[in-house]
Amino acid sequence: MYKYLLPSVLVLGLSACQTTTPTTPDVTTQQVVTHSQLQSIIDAAWQISLDASPSFAYSLGDKTAAGKLQDLSPAALDALDQRKQQLLKRLQQIDSSSYSKEDAINAQILQAQLQNDVDQYRYKDHYMPISAEGGFHAYIASIAKGRFAKVEDYQNYIKQLQAMPDYFEQQTYWLQQGLAAGITPAKATLKGFETSITAFIVPVEESGYFKPFTQYPSHFSEADKLHLTEQGRTLVQDTVLPQYQAFFDFITTEYIPNTRESIATYDLPDGEAFYENRVRYYTTLDMTSDEVHQLGLQEVKRIRAEMQQIIKEVEFNGSFAEFLHFLRTDPQFYPETAEELLKEAAYIAKQADAMLPKYFGKLPRQPYGIEPVPAEIAPKYTTGRYSGSNRADEPGYYWVNTYALDKRPLYEMEALTLHEAVPGHHLQIALNQELTDLPNFRRYSYISAFGEGWGLYSEYLGLEAGFYQDPYSNFGRLTYEMWRAARLVVDTGMHAKGWSRQQAIDFMASNTALSMHNVNTEIDRYINWPGQALSYKIGELTIKRLRAQAEDELGENFDIRAFHDAILANGSVPMSVLEQQIKDFIAAQKAEI
């Protein structure tokens with residue numbers, strides 16, 4: 001999975017769109033007009049993105065955004081929503097039949113982005129700025145990990161620390177509105193949530209917020225260091241830490257005890273409409289929850305048969321359930337130290353690096369590193385994730401969860417690494433950012449069906465590249481594929497078909513070799529993030545179908561490197577756009593034969 005994070009660093013010289021008005025002879029006057037109309041909306045939408053996130057704006061060169069935190073007041077959010085609705089109306093009024101091919105893609109993606117923002121606001125998604133995995137209180141801590149090269153950087157950081165009370169107050173207000181409206185995370189998923197807050201309630205010297213004041217560039221004067229350190233210590237002690245303590249008190253005494261008992265999105269106000277909206281958004285297809293559910297059941301049946309073949313291959317004498325128990329409990333499958341797990345991930349990642357030239361004609365310049373999931377969120381966090389970077393002087397990171405090592409089986413590491421690092425998320429996202437001809441709203445966006453579908457396809461690609469030689473690792477690959485297929489069943493089951501949390505846990509546990517810890521954290525994630533889990537399998541099946549089509553039509557002229565380059569050529573796109581993209585690729589390849 002890729003967790004999209006707003007950029008935190010300086011990237012200068014980017015306009016909203018770096019394309020130019022078409023000037024080729026076959027471009028009509030109407031196309032020039034519609035291009036200009038669309039460009040105006042693209043520019044306005046990009047400005048909204050910058051206005052909504054000071055950290056994002058500052059990272060792209062807006063000095064006036066320095067030292068600010070996002071304004072989440074009712075007036076600010078309502079104003080943003082009104083601006084987006086107005087842009088949607090303008091976009092829908094353009095004569096789409098006159099779009100060039102590239103403008104048609106831009107318009108489709110921009111409309112989906114704007115519509116999603118409007119939908120989420122209408123369904124009051126902002127009432128839930130926390131989830132089973134974490135929340136605003138954990139994510140805001142990233143401000144302490146910015147670039148501190150000048151005194152000005154520290155001064156801007158100090159302003160952000162000073163703004164923390166308002167930020168916490170605004171987010172707490174929305175949580176209170178959620179309680180009043182019955183729009184909260186499910187109570188069952190918040191067990192142990194308070195530990196994600198207490199992780200920040202530590203002595204000043206141990207606080208991540210104070211860390212920037214413990215290490216300064218060598219050119220700083222002693223007077224500057226002394227002054228900044230005193231300011232930092234006072235702010236962390238008297239402003240930041242009290243905010244976390246007050247938030248802890250609110251969460252434990254007022255919020256969690258009054259959250260909803262139901263787990264189903266259907267049970268929320270307008271819940272049925274919201275969930276079906278999420279299904280369409282995350283699949284990028286016109287599918288219903290029932291269609292997704294039935295597809296999931298079919299995939300589970302198919303993958304289960306392949307898993308049975310591996311159990312037969314290793315000559316295990318027992319049932320499927322007994323084999324899963326063996327995998328979850330035998331020490332041979334688990335690392336003894338966090339370092340061992342990270343080194344295993346690094347070794348697999350370097351093997352994956354070596355496979356890339358055989359399967360891709362174009363590779364990204366940006367490298368990636370490997371880090372453990374931050375300790376404050378690790379207990380409730382997923383097993384691994386990719387965290388991208390927009391800085392030219394920093395890599396992306398493949399996060400590996402080193403919490404509860406006896407729940408992190410090594411037989412899953414090949415599939416996990418291929419998905420999160422390369423040829424999965426890092427490769428796709430880094431290449432996406434190099435598409436400088438695309439408007440920025442596409443360069444810095446992430447369409448889940450495309451990105452997660454690519455990640456799951458990348459796990460499968462490892463099979464062709466010689467990974468999974470160990471049958472247990474291959475079973476790990478299948479359990480990851482089964483995991484994504486089971487998501488289609490349990491996500492729709494819980495949110496639309498009345499399944500209980502335990503019913504979903506039992507289904508996932510009985511069909512995959514995921515540890516029970518992972519099963520529980522995953523089910524809670526699906527409850528709190530309705531529909532997102534559907535994107536993986538839907539995207540992967542689409543990419544596989546398009547590849548089969550290309551192989552069938554091109555025969556011996558099919559070039560796997562050219563096909564993969566074509567998949568990634570236009571960045572993150574909806575499945576309908578990808579289908580047309582590959583149709584054009586096949587036609588172009590035929591023309592060259």
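Note that R385 lies in the cation-pi zone of Y381, set by a 6.0 Å cut-off to the ring centre and a 45° limit from the axis. Remark: R501 fails to qualify as a cation-pi partner of W499 under the 6.0 Å distance and 45° angle criteria applied to the six-membered ring. Within the cation-pi definition used here (under 6.0 Å to the ring centroid, within 45° of the axis), R477 does not qualify as a partner of Y480. Figure legend: cation-pi geometry between K544 and Y457 absent, as NZ or CZ is not positioned both under 6.0 Å from the six-membered ring centre and within 45° of its axis.
Partners of E276 by salt bridge (Lys or Arg N to Asp or Glu O under 4.0 Å), not counting sequence neighbours: none found. Remark: Q245 pairs with D249 by the side chain to side chain donor-acceptor pair (under 3.5 Å) rule, at least two apart or across chains.
Between the side chains of N432 and R443, no donor-acceptor pair of N or O atoms lies under 3.5 Å. Side-chain contact of H126 with Q177: a donor-acceptor pair under 3.5 Å is absent, judged by distance alone. In this structure, a donor-acceptor pair under 3.5 Å is present between the side chains of Q532 and R525. In this model, a donor atom of one side chain and an acceptor atom of the other lie less than 3.5 Å apart for Q581 and N570.
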Quiz prompt | H495 vs Y266, ring pair (Phe, Tyr, Trp, His ring centres under 6.0 Å): CA-CA, chis, key distance, verdict | solution = CA-CA 6 Å; H495 291 297; Y266 262 39; 8.6 Å; no

Exercise. Check the pair Y526 / E522 against side chain to side chain donor-acceptor pair (under 3.5 Å), numbers first and verdict last.
Key: CA-CA 6 Å; Y526 310 151; E522 286 298 311; 3.0 Å; yes

Quiz prompt | Derivation of the side chain to side chain donor-acceptor pair (under 3.5 Å) call for S473 and E414 | solution = CA-CA 7 Å; S473 181; E414 283 189 313; 2.4 Å; yes

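A salt bridge links E464 with R547: the distance from a Lys NZ or Arg NE/NH1/NH2 to an Asp or Glu carboxylate oxygen falls below 4.0 Å. Using a 4.0 Å cut-off between charged nitrogen and carboxylate oxygen, D290 and K497 count as a salt-bridge pair. With respect to the salt-bridge test (charged N to carboxylate O, under 4.0 angstrom), the residues E340 and K343 do not qualify. Salt bridge annotation for R260-D267: absent, with no cationic side-chain nitrogen under 4.0 angstrom from a carboxylate oxygen. Using a 4.0 Å cut-off between a side-chain N of Lys or Arg and a carboxylate O of Asp or Glu, R302 and E481 qualify as a salt bridge. Between E299 and K537, at least one side-chain N (NZ, or NE/NH1/NH2) sits under 4.0 Å from a carboxylate O, which counts as a salt bridge.
Counted within 6.0 Å of OH on Y347, heavy atoms from surrounding residues, nucleotides or ligands total 12 or fewer; the atom is thus considered open.
Within the 3.5 Å criterion, the main-chain N or O of Y167 finds no donor-acceptor partner in the side chain of Q243. Remark: side-chain polar atoms of T283 are not paired, donor with acceptor, to backbone N or O of S535 under 3.5 angstrom. Remark: the backbone N or O of L72 is paired with a side-chain donor or acceptor of Q170 at under 3.5 angstrom.
Aromatic ring pairs are classed by plane angle as parallel below 30°, tilted from 30° to 60° and perpendicular above 60°; the pair Y123 and F274 is tilted. Aromatic ring orientation, H426 versus Y386: perpendicular (interplanar angle above 60°, classes split at 30° and 60°). F323 and F316 have perpendicular rings, their planes meeting at more than 60° on a 0 to 90° scale where under 30° would count as parallel. The aromatic rings of Y411 and F333 stand perpendicular to each other, their planes meeting at an angle above 60°, with 30° marking the opposite boundary.
The six-membered or imidazole ring of W454 lies away from that of H419, with a centre-to-centre distance of 6.0 Å or more.
Counting only heavy atoms from C-beta outward, the side chains of R408 and S515 never approach each other to under 4.5 Å.
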